[in-house]
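Working notes, beginning with the structure itself.
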Amino acid sequence: MLLSKEVAVYLNLASCKLKQYTSNMLRRNNVGLTPEQFLLIDLLWNQGPMSQQKLADTMQKDKNSITKIVDGLEKKGLIVRERNINDRRSNTLVLTPLAQQMKTDAKEKGIFMLDRILDGISEEELRSFLTTLGKMLQNMEAEYHN
């Protein structure tokens, strides 16, 4: 198999397995969030309130996908939409006290999951991997904008 094709196959497999693994581990650890919900809420824990558009850009998802994730978090009482006073068409997403309350426990469980995935991989290997992934992303972005 061509090396480039093998890379593409492994990236796709890793992406699928990561979603399955995180979904199972979040469920098993009673976090009560999907991987996408966890990622979105983690961004808000780290960066504070932000618009749905900024979240869509950061997560590289379309606005409809973000709306579905936000709807799910809103039903769980973890997030509220506040109308942007400067732009009435825009909502700012704010975490509720319940979401803030679960922050420490959920983050610890998330870090534990990632540590298990990275078990046995040295820091040097991880840095090299991140550099390679970064270059691949740059190449795709450059190609996308051409």
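FYI, side chains are in, hydrogens and waters are out, and symmetry mates aren't considered; it's all heavy atoms of this structure.
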Determine the minimum heavy-atom distance between [X] and [Y], stating which atoms define it.
X	Y	value
P49	T92	CB-CG2, 3.8 Å
P35	S23	CG-N, 3.7 Å
G77	T96	O-OG1, 2.6 Å
I79	E74	CG2-N, 3.4 Å
Q37	G32	OE1-O, 4.2 Å
I117	I121	O-CD1, 4.2 Å

Between [X] and [Y] (side chain of the first, backbone of the second, donor and acceptor by atom type, cut-off under 3.5 Å), is there such a pair?
X	Y	answer
T67	K63	yes
S15	L11	no
N46	D42	yes

Could you give the distance from [atom1] ([X]) to [atom2] ([Y]), rounded to the nearest 0.5 Å?
X	Y	atom1	atom2	answer
D57	Q52	CG	CD	12.0 Å
K135	L137	NZ	CG	12.5 Å
N29	R27	CG	CZ	11.0 Å
I41	K107	CD1	NZ	10.5 Å
L39	M59	CG	CE	4.0 Å
L78	Q100	CG	CD	10.5 Å

Q) Can you list the residues that meet the side-chain contact (heavy atoms from CB on, under 4.5 Å) rule with A106, with sequence neighbours excluded? A)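 side-chain contact (heavy atoms from CB on, under 4.5 Å) list for A106, sorted by chain: V31, F38, W45, M102.
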Q: Quick one: do K61 and I69 satisfy side-chain contact (heavy atoms from CB on, under 4.5 Å)? Show the steps, please.
A: CA-CA 11 Å; K61 290 193 173 281; I69 298 168; 4.1 Å; yes
(Q) Let me check something: do Y21 and L114 share a hydrophobic cluster, defined by ILVMFWY side-chain heavy atoms less than 4.5 Å apart, either directly or through other members? (A)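 Yes, Y21 and L114 fall within the same hydrophobic cluster.
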Q | Common cluster, V94/I66, ILVMFWY with side-chain heavy-atom separation under 4.5 Å | A |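 Different clusters: V94 never reaches I66 through Ile, Leu, Val, Met, Phe, Trp or Tyr contacts under 4.5 Å.
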Q: Assess whether salt bridge (Lys or Arg N to Asp or Glu O under 4.0 Å) is satisfied between D62 and K68, documenting all intermediate values.
A: CA-CA 10 Å; D62 62 76; K68 288 178 184 175; over 6 Å; no
Q | side-chain contact (heavy atoms from CB on, under 4.5 Å) evaluation trace for L33 with L40 | A | CA-CA 10 Å; L33 300 171; L40 189 148; over 6 Å; no
Q: Show the numbers, then the answer: is there a salt bridge (Lys or Arg N to Asp or Glu O under 4.0 Å) between K75 and D71?
A: CA-CA 6 Å; K75 285 177 186 169; D71 287 347; over 6 Å; no
Q. Taking only residues two or more places apart in sequence or in another chain, which ones pass salt bridge (charged side-chain N to carboxylate O under 4.0 Å, His left out) with K76?
A.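 Listed in chain order: nothing, the list is empty.
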(Q) Given M113, which partner from the list L18, N24, L26 fulfils the side-chain contact (heavy atoms from CB on, under 4.5 Å) test? (A)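 Per the side-chain contact (heavy atoms from CB on, under 4.5 Å) rule, the option paired with M113 is L26, out of L18, N24, L26.
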Q.
Before you tell me yes or no, could you show the steps for R81 and L93 under side-chain contact (heavy atoms from CB on, under 4.5 Å), namely the whole-Å CA-CA distance, both residues' side-chain angles and the distance that decides it to 0.1 Å?
A. CA-CA 5 Å; R81 292 175 167 104; L93 302 174; 3.7 Å; yes
Q: Would you check, one step at a time, whether the test side-chain contact (heavy atoms from CB on, under 4.5 Å) holds for K19 with E36?
A: CA-CA 9 Å; K19 282 183 182 180; E36 291 82 9; 4.1 Å; yes
